[in-house]
Amino acid sequence: MPELPEVQTIVNDLNAAGMTGRQVVQAQVFWPRTIATSSPETFRRSIKGQVIGTIGRRAKFILFGFKSGKRLAVHLRMTGRFQIGKSDRPNGHVHVILSLDDGRSLWFHDTRKFGRFYLMDTSESESLLASLGPEPLDAAFTPGVLAGGLARHHRQIKPLLLDQTFIAGLGNIYVDESLWAARIHPLRRADTLLPAEVKALHAAIRHTLRQGLKYAGTTLGRGQSNFYSLGESRGTNDTHLKVFRRTGLPCERCKRPIERIVVGQRSTHLCQWCQRLQ
DNA sequence: CCAGTTGTTGTTCT
DNA sequence: AAGAACAACAACTG
């Protein structure tokens, strides 16, 4: 669930919570596989004493930069969440706890246990991020860059936009929303988009992501597996979705019902009228 | 009980 | 070689 806007929202909230300058005084690991780069024991030993310098994002990774030159990259995958521990009794879905020098602790909550922590030297961590595609909200991501990329692939446009090596940060929700906004069918072959369509797609991706960010992410439903930023705060972008999980509801533009199809094994929502395949 | 689910990776098939 | 299909990871939701 967490895509670029959700991950950025968490990063913003971590920064607002005053994490910079905090020292990790103790770490606990309850689900060993969460730690991707070493044994839990090595992780606990390595992170103890680290002082947080910066907290940022690349693609869907949260990057904790420590003053020592080490870096913790966290990928939330489907259901990872951070929360400021409010008690000393975490529930069964809290798999890592970082205790801080100000008495607070950062809990990593992850019902499906797919989330991963990568702790390494910053220089070494570049290999983890090396294959990622461009950041869609960076100034360097121009319509020309997108056009050049699309021209190199004959793949269906939706799976291509989900491919993190092609463009970073998009997931199922924002891809469906972007394609609807650009009026492009998810099965269109990437190298068949006309220049005007590429331009529309570029604008749609940026608009869709910025809107998600503006409303602090998309939270669907109320369950354990939904997106919540720090402190259990929900995002409100769900009220602005045009197609995602809106099967049968009228398209905002043409009033015809939104349909659900499967593309690349992924649930896909679209308006067959506005997004014609030809 | 059954089908479906937001992300990613690795394998296998075409 | 490229791209599509599929399983696996693991657990909740409807």
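Just so it is clear: chains get the letters A, B, ... in the order the sequence lines come, proteins before strands, and each one is counted from 1.
Aromatic ring centres of A:His75 and A:Phe114 lie farther apart than the 6.0 Å criterion allows. In this structure, the ring of A:Phe166 has its center less than 6.0 angstrom from the ring center of A:His153. In summary, the aromatic rings of A:Phe108 and A:His95 are positioned with their centroids too far apart to meet the 6.0 Å limit.
Checked against C:dA4, C:dA11, B:dG7, the side chain of A:Asn172 finds its nearest nucleotide in B:dG7. Closest to the side chain of A:Lys113, from the set C:dC12, C:dA4, C:dA10, is C:dA10. The listed nucleotides are B:dT6, C:dA11, C:dA4; the one nearest the side chain of A:Met78 is B:dT6. Closest to the side chain of A:Ser267, from the set B:dT6, C:dG3, B:dT8, is B:dT6. Closest to the side chain of A:Gln156, from the set B:dT6, C:dA4, C:dC9, is C:dA4.
Under 3.5 Å, the side chains of A:Asp191 and A:His154 contain a donor-acceptor pair of N or O atoms. Side-chain atoms of A:Thr218 and A:Tyr174 include a donor-acceptor pair closer than 3.5 Å.
At a threshold of 4.0 angstrom between heavy atoms, the contacts of A:Arg260 are confined to the sugar-phosphate backbone, with no base atom among them. Within 4.0 Å (heavy atoms only), A:Thr218 reaches no atom of the nucleic acid at all. When heavy atoms are screened at a 4.0 angstrom cut-off, A:Glu3 is found touching the sugar-phosphate backbone but no base atom. Contact annotation for A:Arg155: backbone-only contact, meaning every heavy-atom pair under 4.0 Å involves sugar-phosphate atoms and none involves a base.
For the pair A:Thr54 (side chain) and A:Ile52 (backbone), a donor-acceptor distance under 3.5 Å is absent.
Here B:dG7 presents its C1' atom at 11 Å from CZ of A:Phe61, a figure rounded to the nearest Å. A:Leu187 has its CG atom 15 Å from the P atom of C:dG3, to the nearest Å. In this structure, the CD1 atom of A:Ile10 is 14 Å from the C1' atom of B:dG7, given to the nearest Å. Straight-line distance from the CG atom of A:Leu161 to the P atom of B:dG7: 13 Å, rounded to whole Å. Atom-to-atom, CG of A:Leu162 to P of C:dA4 comes out at 12 Å; the value is rounded to the nearest Å. In this structure, A:His109 places its NE2 atom 12 Å from C1' of C:dA11, rounding to the nearest Å. In this structure, A:Arg112 places its CZ atom 13 Å from P of B:dT8, rounding to the nearest Å. If you measure from atom CG of A:Asp176 to atom C1' of B:dT5, you get 13 Å, rounded to the nearest angstrom.
With hydrogens and angles ignored, no donor-acceptor pair under 3.5 angstrom links the side chain of A:Arg77 to the base of B:dT6.
Applying the 4.0 Å criterion to OP1 and OP2 of B:dT8, one finds that A:Lys60 has a side-chain N or O inside that range. The shortest distance between the side-chain N/O atoms of A:Gln164 and the OP1/OP2 oxygens of B:dT8 is below 4.0 Å. Using a 4.0 Å cut-off, no side-chain N or O of A:Arg266 falls inside it from OP1 or OP2 of B:dT8. Residue A:Arg116 places no side-chain N or O under 4.0 Å from the OP1 or OP2 atom of C:dC9. Contact annotation: A:His93 does not reach the phosphate of C:dA10 (side-chain N/O to OP1 or OP2, under 4.0 Å). Within the structure, every side-chain polar atom (N or O) of A:His154 is placed at least 4.0 Å from both OP1 and OP2 of C:dA2. Between A:Thr111 and C:dA11 there is no side-chain polar atom (N or O) within less than 4.0 angstrom of OP1 or OP2. An OP1 or OP2 oxygen of C:dG3 is reached within less than 4.0 angstrom by a side-chain nitrogen or oxygen of A:His153.
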Under a cut-off of 3.5 Å for both distances of each Watson-Crick or G-U pair, what dot-bracket string does DNA chain B give, using [ ] for crossing pairs and | for inter-strand pairs? .||||.||||||||
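Taking CZ of A:Arg81 as the start and CD1 of A:Ile10 as the end, the distance is 9.5 Å to the nearest 0.5 Å.
A cation-pi arrangement, defined by a distance under 6.0 Å to the six-membered ring centre and an angle within 45 degrees of its axis, is absent between A:Arg253 and A:Trp273.
Between A:Phe117 and A:Phe82, the ring-plane angle classifies as tilted under the 30° and 60° cut-offs.
A stacking contact between A:Phe114 and B:dT8 is absent: the pair does not combine a ring-centre distance of less than 5.5 Å to the base's six-membered ring with planes differing by less than 30°.
If you take atom P in B:dA3 and the same atom in C:dA7, they sit 14 Å apart, rounded to whole Å.
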